[in-house]
Amino acid sequence: MLKQFGYQTEPVFRNDELLVNAGEPGIGLLKNSRELTLTDTLYALTPELLFDYLGVSLNSEKSKGKKLAFNWIAQNGRSYGFWIENEVLMYREGKLVKHPDAVITGDRLHFALVAMRAMPLKTALDKGMIKIEGNTDKFRELLGCMDKFHGNFHAITP
């Protein structure tokens, strides 16, 4: 039904929107969710947007009762304290957590790739892309509390 309506719709942008959601071959949904996690896009994210995204990704059921705290020191010298408390991820630029579970150092891109689970933590650590001082398992625990959005969904459904 959406496909037929898409072909008959006059505005081109609306036509494409309907055909994409109808699953028209050649226009359809992304075949691989990693297509959404482009390095250029992640590199363009500000740390604030990254932490906001992580806050949205936090699964409240998985993080229930957890208190985790971390500091991230970027290569450009900017620092962030971030923590989970009451199923909410909070962060502050320039205000480090006094007793963090771990301190993460590394550039923004690699930190984003790991935090958004687009790159395995082990890979980033083994290749020296990020470093963790303190309890690495606590950071793994934080990553385990995050939902991973696949992005492969219909914007319009019949």
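Keep in mind that the numbers below use all heavy atoms, side chains included, and drop hydrogens, waters and symmetry copies.
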- Task: Just say parallel, tilted or perpendicular for the rings of Phe82 and Phe51, cut-offs at 30° and 60°.
- Result: tilted
- How far does CD of Glu85 sit from NZ of Lys66, to the nearest 0.5 angstrom? 14.5 Å
- Item | Check: Leu49 main-chain N/O paired with Thr46 side-chain donor or acceptor under 3.5 Å | yes
- Task: Taking the side chain as every heavy atom from C-beta outward, state whether Ile104 and Ile73 have any atom pair closer than 4.5 Å.
- Result: no
- Note on the structure: Taking every heavy atom of Cys145 against every heavy atom of Lys62, the minimum-distance pair comes out as SG-O, 3.5 Å
- Which atoms form the tightest heavy-atom contact between Asn59 and Glu61, and what is the distance? OD1-N, 2.8 Å
- Decide yes or no for Tyr91 and Pro47: does some side-chain heavy atom of the first lie under 4.5 Å from some side-chain heavy atom of the second? no
- For Ala102 and Ile132, the nearest pair of non-hydrogen atoms, with its separation, is CB-CG2, 3.7 Å
- Query: Do the side chains of Met119 and Met129 get nearer than 4.5 Å, heavy atoms only?
  - Reply: yes
- Task: Indicate yes or no for a side-chain donor-acceptor contact from Arg92 to the backbone of Val97 under 3.5 Å, with no hydrogens or angles considered.
- Result: no
- Query: Does one hydrophobic cluster hold both Val56 and Leu143, with members joined at side-chain heavy-atom distances below 4.5 Å?
  - Reply: yes
- Query: Does some side-chain heavy atom of Leu142 sit less than 4.5 Å from a side-chain heavy atom of Phe70?
  - Reply: yes
- Message: Within the structure provided, determine whether Leu50 and Arg108 are in side-chain contact (heavy-atom separation under 4.5 Å).
- Response: no
- When Asp126, Val114, Leu113 are each screened for side chain to side chain contact (heavy atoms under 4.5 Å, CB included) with Leu121, the one that passes is Val114
- Task: Quick one: closest heavy-atom pair of Lys138 and Leu68, and the distance?
- Result: CD-CD2, 3.6 Å
- Message: Let's go through Trp83 and Asp101 carefully: what are the C-alpha distance in whole Å and the side-chain angles of both, what is the deciding distance for side chain to side chain contact (heavy atoms under 4.5 Å, CB included) to 0.1 Å, and is it a yes or a no?
- Response: CA-CA 10 Å; Trp83 62 98; Asp101 293 310; over 6 Å; no
- Message: Below 30° counts as parallel, above 60° as perpendicular, anything between as tilted: where do the rings of Tyr80 and Trp72 land?
- Response: parallel
- For Asn135 and Phe139, run side chain to side chain contact (heavy atoms under 4.5 Å, CB included): C-alpha distance rounded to whole Å, both residues' side-chain angles, the deciding distance at 0.1 Å, then the answer. CA-CA 7 Å; Asn135 193 336; Phe139 189 61; over 6 Å; no
- Task: List the atom of Glu93, the atom of Glu48, and the distance in Å for their closest heavy-atom pair.
- Result: OE1-OE2, 3.3 Å
- Task: Quick one: closest heavy-atom pair of Leu54 and Ala115, and the distance?
- Result: CD2-O, 3.5 Å
- Message: Hydrophobic clusters here meaning ILVMFWY residues chained together by side-chain heavy-atom distances under 4.5 Å, can you tell me if Val103 and Leu89 are in one?
- Response: no
- Task: Indicate yes or no for a side-chain donor-acceptor contact from Asn86 to the backbone of Val88 under 3.5 Å, with no hydrogens or angles considered.
- Result: no
- Message: In the structure I gave you, are the side-chain heavy atoms of Ile84 and Lys67 within less than 4.5 Å of one another anywhere?
- Response: no
